[in-house]
Structure formats: C-alpha cells, structure tokens
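See below for the structure under consideration.
All values derive from a computational prediction rather than experimental measurement. Count residues from 1 along the sequence.
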Amino acid sequence: MGKKLEKGLKEKNASAVSQDEENPNKTPEPYSCTGNFQADFTELCRRNSMTYIPPIIPRARPPTVMGHTESGKPDKGKGKAPQAPVEPDPDPEQDLDGEGIEAPPKTFTIKEKFEYFKPSVQVEMENFDKPDTVTEIYIRGWKIVEPIMEIFKQCWPKMAKLHTINLWNCGLSGEVITILASTITEIPEMRNLVLDGNTVVEENWHELMGEESPIQNLSLRHCGITDKGAEQIGQALGSTKRCNTKLISLNLSGNRITDVGAEHIALGLRMNRNLMSLSLASNFIGDKGASKIAEILSRFPLTHEEVVERRKHFSEKDFPERNKSPPGSRRDGSKDRPASVRSQSHMDKDKKGSKASAKKKDPKGKDAKEEEKHDKTKKKEKEDKTLTKKESRGTKGDKSGTVGGRSSGASLLFMAAISGSTASIAADTKGTKGKGKGKDKTKQAAQEVEDLSGGEVVNPLTDVADFIDGQLWVSGNRVLINLNLSRNKIAESGMNNLLKAMQYQTTILMDNKSGGTGLMRIALLKNKISQEHDVMRKLNDIMLHKDPYYKQPPQTPDVQSTT
C-alpha cells in the first residue's frame with residue numbers, strides 16, 4: 001500500500017510540473033501584504049525577479065554594560081531574583097609554538113570583506129520577537145529606484161506601528177519622490193521623514209507637504225535645494241487658499257537658498273501657524289532674506305488678495321446660510337412659475353388656517369404676543385446692522401483705525417456695537433480695563449474675536465488688524481519658537497531688523513499671550529557680523545532669558561551680600 005501511495009504522489013507532482021511548463025506565461029495571483037515587513041519584502045522582491053534581495057537586519061546598537069540597567073543606573077539586589085552565576089572564560093587557544101592566541105574583543109563583530117557596504121534595510125522594532133512591530137526604517141547609501149519604491153509602497157502601509165523613515169544618500173529621483181509622497185499618506189502612524197543627502201533635479205519636495213501628508217518632522221539637509229525648490233516649499237507651507245496644519249519641524253540646512261528663496265519661505269510663514277522649528281543654516285541668505293523673516297515675526301500689512309479672503313471668511317462666519325442650497329419643492333419642474341413663488345390661493349389658505357389654529361390653541365392670544373416680541377427683536381437686529389453699515393461707510397475716510405472681527409469694509413464699530421462700547425477691539429483683546437459694566441463688555445468682545453478665530457487652527461486673517469495709512473496690519477507669526485540662521489551672509493542691517501522683531505514680540509507678549517510665545521531660541525553664529533557687536537549683544541540679552549534651557553548661574557556669597 002505504501003508503494004502505491006508514493007507512486008500516486010509522484011504522478012500528481014509530475015502532472016503539476018508539466019502543467020506549469022505548459023503555461024509559463026500564467027500570471028501569479030497578486031500578493032497581499034500581511035504587515036510582516038521581512039516576509040512581505042522578500043516575497044515581493046522574489047516575484048519581481050530581483051537578482052539580489054537586500055536583507056532586513058536590526059539596527060546596530062552600542063553594547064550594554066554588564067551590571068547596569070537600560071537607564072544607566074547600577075542594579076541593586078534588593079527585591080530582585082538572584083542572578084545566574086557568571087560562567088568563567090574559556091582557556092585561550094594556543095598556536096603551534098604553545099603561545100596563547102588573543103581572543104577577539106567583544107565590543108564589535110567582524111564581518112567579511114565589503115559585507116558592510118552591501119545594500120541592507122535596517123529596522124527598529126518594539127519587540128524583536130515579533131516581526132510585525134517595526135517602528136523605524138533606515139536605508140543608507142544605496143540607490144533606490146522606482147521598482148524598489150513600488151515594493152515599499154505595497155509593504156509600508158500595512159505596517160501598523162511604522163512612524164519613521166530615514167533614506168540617507170539614496171540617489172532619489174523626482175519619480176521616486178512622487179511615489180513616496182503618495183505612500184506616506186497611507187501609513188497610519190507616519191510622523192518623521194528624513195531624506196538628507198538626496199539631490200533631486202526636479203526639486204519636487206513640496207509634494208511631501210501636501211494637505212493629506214501626515215509628516216510632522218521633515219529633514220532635507222544637503223539636498224541641493226535652490227530658490228526654485230524654496231518657492232514651492234513656501235507655497236506648501238501656507239497661502240491664502242490653504243495651509244499646512246501637520247508639519248512642526250522643517251530642516252533645510254546645507255542647501256543653496258539665497259535671499260529670494262528665504263523671501264518665499266517667509267511668505268509661507270505669513271499664513272502658517274503650525275510650524276514651530278525652522279532651520280536655514282549653512283545657506284546663502286543675506287540681509288534682504290533676514291529682513292523679510294523679521295517682518296513676518298513682528299507684523300506685516302495684508303495684501304489685496306489676503307484682504308479679499310479675510311472678507312470672505314467673515315461673511316461666511318456671519319451668514320452661513322448663504323452657502324446652503326434652498327430646500328426642494330414639489331413644483332421644481334413647473335414651467336409656469338418658479339418653485340420659490342407660491343400662488344395667492346395657497347397664501348390665502350395658509351392665512352385662514354393659521355388664524356383658525358391660533359383661535360383653537362390660544363384663545364387669550366399668548367402665542368400672538370410672543371410672535372410680536374420675536375418680530376420686534378428681529379427689527380432691532382436689522383436696525384443695528386444698518387447702523388453699523390452706515391458708520392462703517394462714514395469711517396472710510398480715516399487714515400488709521402483698528403479693525404477686528406470684520407473686514408476692512410466694516411470697521412471696528414461693528415464689533416463695538418455688539419459689545420455696547422465704541423472702544424477698539426484691539427485694545428479690548430489686549431486687556432484694557434474699564435469701570436463697572438465696561439469690564440463685561442470688553443470680555444464679551446474678546447470672547448467674540450476668539451470664537452471667530454476658529455479654535456485650534458489659528459487663522460491670521462481673522463486676527464485683530466490695525467488700519468494704518470490705508471493698509472490692514474496684523475500681528476506676525478508667534479507660533480515659531482526655534483529659528484536657525486547660522487552660517488549665512490547676514491550683516492548689520494539684517495541683524496538690526498531681527499532685533500526690532502524680537503523687541504516687538506517681547507512687548508506684545510507682555511499684553512497678550514494668546515497668539516503664541518514667540519521665538520524662544522535663535523541661532524545666528526558665523527554670519528557677517530561679530531558676536532561682540534552692540535546689535536548682537538542686545539539680541540543675545542533678549543533671547544537669553546527666553547531660552548527654555550537657560551539656567552541662571554549660581555550666585556557666590558560675595559555677590560549675594562552686595563545685592
């Protein structure tokens with residue numbers, strides 16, 4: 001019986017092999033990734049007939065010191081299980097002459113020649129026993145072409161805990177960047193992306209900062225970014241139409257950005273209120289670029305396009321029913337008259353029905369009185385609106401004023417009429433104190449301005465504006481807390497403008513801290529100005545106390561006695 005079974009199995013295997021040979025062009029079934037990066041990547045590479053499949057290895061770590069825990073503190077024997085006895089070192093081997101051979105050190109491992117330079121994918125995992133817990137991926141020094149990136153596009157979205165991708169010096173192209181930009185939007189926990197050392201001719205880095213991009217920390221150091229790429233990055237950071245609300249840190253150090261590119265990035269910071277750290281170190285930025293960045297940090301006038309968007313925003317806030325489509329009607333398809341116009345007979349019937357129902361429900365006329373009160377309140381609201389419109393028309397000839405909560409067409413009197421006072425809303429939000437009922441009114445105006453600002457995502461177009469010399473001026477970006485401009489070409493005039501911006505932020509923060517803390521750290525080393533210059537000394541004195549890591553030096557007893 002056993003021989004017969006073996007013969008039958010051999011015949012079945014031979015028939016299956018013959019069928020495969022008969023249909024060599026038969027397409028295999030599509031592979032569905034499981035989240036196990038090593039198994040998925042190996043299988044997809046095999047299906048693509050790759051001659052060499054890069055191995056997936058754990059990222060190298062420094063060896064741990066015996067007798068110490070992971071936190072670096074020595075273990076204490078209290079309340080712990082007894083450790084196993086340390087095995088003695090084996091006897092050293094001896095050569096032919098009887099001399100001992102020195103054992104290799106245990107701090108590193110020796111590999112074959114050029115083994116270190118072969119392509120590999122290094123990973124960090126939460127648990128090395130579970131291959132589906134990959135959190136970080138590191139690829140160093142080998143070219144990633146489109147087929148490899150297509151394989152990654154299938155593997156990475158299935159990895160539930162992946163949050164960091166580091167592709168250093170991988171020879172990326174514009175097509176690979178496009179594939180990568182579409183891939184990161186599908187990774188559930190993606191946050192950090194490092195692409196240092198990749199020079200891309202197309203400079204389409206802005207695709208990584210789209211509206212659907214989940215990237216919070218983006219590093220593009222030494223990528224050969226010019227003013228062309230900086231312009232696209234500035235537009236992706238923010239404009240009047242849209243704004244990036246996810247990116248927190250952007251590193252553009254070591255590129256070829258000049259004053260023109262710095263101005264484009266500054267334009268992106270006009271509307272962006274989410275980026276907290278920006279590095280432009282080791283570029284070619286001069287006084288013009290530094291002055292433009294300083295202007296964005298202090299305050300700036302709105303352009304015509306921004307004023308139009310400001311008006312649209314407030315009109316949508318005040319009248320949300322304008323954007324709603326009218327409800328449907330039974331007579332939408334009628335050709336004789338439009339659906340919104342009702343016939344006289346229907347109106348007469350409705351009037352008769354309403355009178356009859358009013359008599360039945362409330363013979364004393366309570367409902368009628370309530371309706372009259374409601375109509376009176378509506379008339380008062382309409383009169384208030386017409387008054388505010390007339391007052392706003394009368395203030396058009398003024399050269400200066402404060403506008404808050406409305407566009408430049410309707411001045412501050414609109415909000416003042418709501419709160420019951422004629423004081424400017426800019427002064428109210430800054431904490432001006434009144435007497436009696438004035439305190440409640442100023443609080444009410446400030447609360448209304450905060451409600452219009454939109455809550456979590458701050459829109460600078462809804463901020464309080466000052467009307468000066470025919471322009472609307474708004475406060476600058478106070479969300480950015482870290483700025484690195486080291487190793488550039490900034491001279492005295494650019495540093496002076498940065499000093500004025502920091503002085504303006506300090507004075508604004510004394511009155512109102514709701515818009516952000518302002519810059520807390522700024523790096524300006526190795527520019528075209530000495531650190532001993534008066535401007536640099538003043539700037540360092542201002543920023544020293546704002547640095548969160550600054551600690552006052554301990555005072556000696558002699559200093560304490562003199563103070």
Side-chain angles (χ1 to χ4, degrees), residues 37-38 41 45 50-62 108 111-124 134-153 155-156 159 162-184 187 190-209 213 215-230 232-233 247 249-257 261 277-284 484 486-487:
F37 182 45
Q38 185 170 4
F41 180 71
C45 290
M50 294 181 60
T51 57
Y52 176 78
I53 300 176
I56 297 175
I57 58 176
R59 194 183 181 201
R61 291 183 176 182
F108 62 89
K111 294 184 178 181
E112 296 180 1
K113 190 176 182 181
F114 302 118
E115 183 72 19
Y116 181 78
F117 299 101
K118 289 183 179 180
S120 63
V121 181
Q122 301 179 15
V123 295
E124 287 275 2
V134 175
T135 57
E136 303 176 17
I137 292 177
Y138 295 84
I139 299 176
R140 305 293 181 93
W142 55 279
K143 188 176 179 62
I144 297 179
V145 292
E146 294 181 41
I148 293 290
M149 186 54 67
E150 290 289 348
I151 293 174
F152 289 149
K153 186 177 181 180
C155 299
W156 289 347
M159 301 165 67
L162 179 63
H163 58 73
T164 300
I165 296 175
N166 190 323
L167 309 178
W168 177 80
N169 195 18
C170 292
L172 303 181
S173 62
E175 292 79 7
V176 174
I177 292 295
T178 302
I179 299 172
L180 179 61
S182 63
T183 303
I184 59 178
I187 303 174
M190 187 64 194
R191 293 191 301 271
N192 309 314
L193 182 62
V194 181
L195 302 177
D196 299 342
N198 294 283
T199 303
V200 178
V201 179
E202 293 83 356
E203 297 191 36
N204 54 341
W205 306 107
H206 64 283
E207 296 180 7
L208 303 169
M209 304 162 57
S213 175
I215 299 299
Q216 296 181 5
N217 304 302
L218 179 61
S219 179
L220 301 174
R221 299 184 302 169
H222 305 284
C223 291
I225 300 175
T226 61
D227 295 335
K228 173 187 173 183
Q232 296 174 344
I233 290 173
L247 193 64
S249 173
L250 178 61
N251 194 338
L252 298 175
S253 62
N255 289 287
R256 298 197 294 269
I257 300 174
S277 176
L278 174 64
S279 177
L280 293 170
S282 300
N283 280 280
F284 302 95
N484 190 348
S486 301
R487 298 181 295 277

**Prompt:** Does the pair Leu162 and Phe37 meet the rule for a side-chain contact (heavy atoms from CB on, under 4.5 Å), with working shown?
**Reply:** CA-CA 10 Å; Leu162 179 63; Phe37 182 45; over 6 Å; no
**Request:** Walk me through it: do Glu136 and His163 pass the test side-chain contact (heavy atoms from CB on, under 4.5 Å)?
**Result:** CA-CA 6 Å; Glu136 303 176 17; His163 58 73; 3.7 Å; yes
**Message:** If you apply the rule side-chain contact (heavy atoms from CB on, under 4.5 Å), what do you find for Val134 with Ile56, and how did you get there?
**Reply:** CA-CA 11 Å; Val134 175; Ile56 297 175; over 6 Å; no
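Counting non-hydrogen atoms of neighbouring residues, nucleotides and ligands closer than 6.0 angstrom, the CZ atom of Phe117 reaches no more than 12 such neighbours.
Separating the CD atom in Glu202 from the CG atom in Leu172 is a distance of 11.0 Å, to the nearest 0.5 Å. For the atom pair Glu150 CD and Glu175 CD, the distance stands at 11.5 Å (nearest 0.5 Å). The OG1 atom of Thr199 sits 7.0 Å away from the CZ atom of Arg256 when rounded to the nearest 0.5 Å. Taking CZ from Arg140 and CZ from Arg59, the interatomic distance works out to 5.5 Å, rounded to the nearest 0.5 Å. Rounding to the nearest 0.5 Å gives a distance of 10.0 Å between SG of Cys223 and CD of Glu203. Taking OG1 of Thr164 as the start and CD1 of Ile137 as the end, the distance is 9.5 Å to the nearest 0.5 Å.
Pairing each heavy atom of Ile225 with each of Ala230, the nearest pair is CG2-N, 3.9 Å. Here the closest non-hydrogen pair linking Pro119 and Pro55 is O-CD, 3.3 Å. When all heavy atoms of Asn217 and Ser249 are compared, the closest pair comes out as OD1-CB, 3.3 Å. Contact record, Asn198 with Cys170: OD1-N, 2.8 Å, taken as the closest heavy-atom pair. Closest approach of Leu252 to Asn283, counting heavy atoms only: O-ND2, 3.2 Å. In plain terms, the two heavy atoms of Ile179 and Ser182 that are nearest each other are O-OG, 2.8 Å.
Without hydrogens or angle criteria, Thr183 side chain to Lys153 main chain gives no donor-acceptor distance under 3.5 Å. Asn251 places no side-chain N or O within 3.5 Å of a backbone atom of Arg221 that could act as its donor or acceptor partner. Counting only distance, with no hydrogens or angles, the side chain of Asn484 and the backbone of Ala281 share no donor-acceptor pair below 3.5 Å.
Side-chain atoms of Ile139 and Phe152, non-hydrogen and from C-beta on, do get closer than 4.5 Å to each other. Side-chain contact check for Met209 versus Ile215: every heavy-atom pair is 4.5 Å or farther apart. Using a 4.5 Å heavy-atom cutoff, the side chains of Leu250 and Ile233 are in contact. Side-chain contact between Lys118 and Trp142 is absent, with no heavy-atom pair separated by less than 4.5 Å. At a threshold of 4.5 Å between non-hydrogen side-chain atoms, the residues Trp205 and Leu218 do not count as touching. Looking at heavy atoms from C-beta onward, Ile151 lies in side-chain contact with Met50 at the 4.5 angstrom threshold. Using a 4.5 Å cut-off on side-chain heavy atoms (C-beta onward), Asp227 and Ile257 make contact. Proximity of Met149 to Glu146: side-chain heavy atoms (C-beta onward) are nowhere separated by under 4.5 Å.
Among the candidates Leu167, Val200, Asn169, Asn166, the single residue satisfying the side-chain contact (heavy atoms from CB on, under 4.5 Å) test with Leu195 is Leu167.
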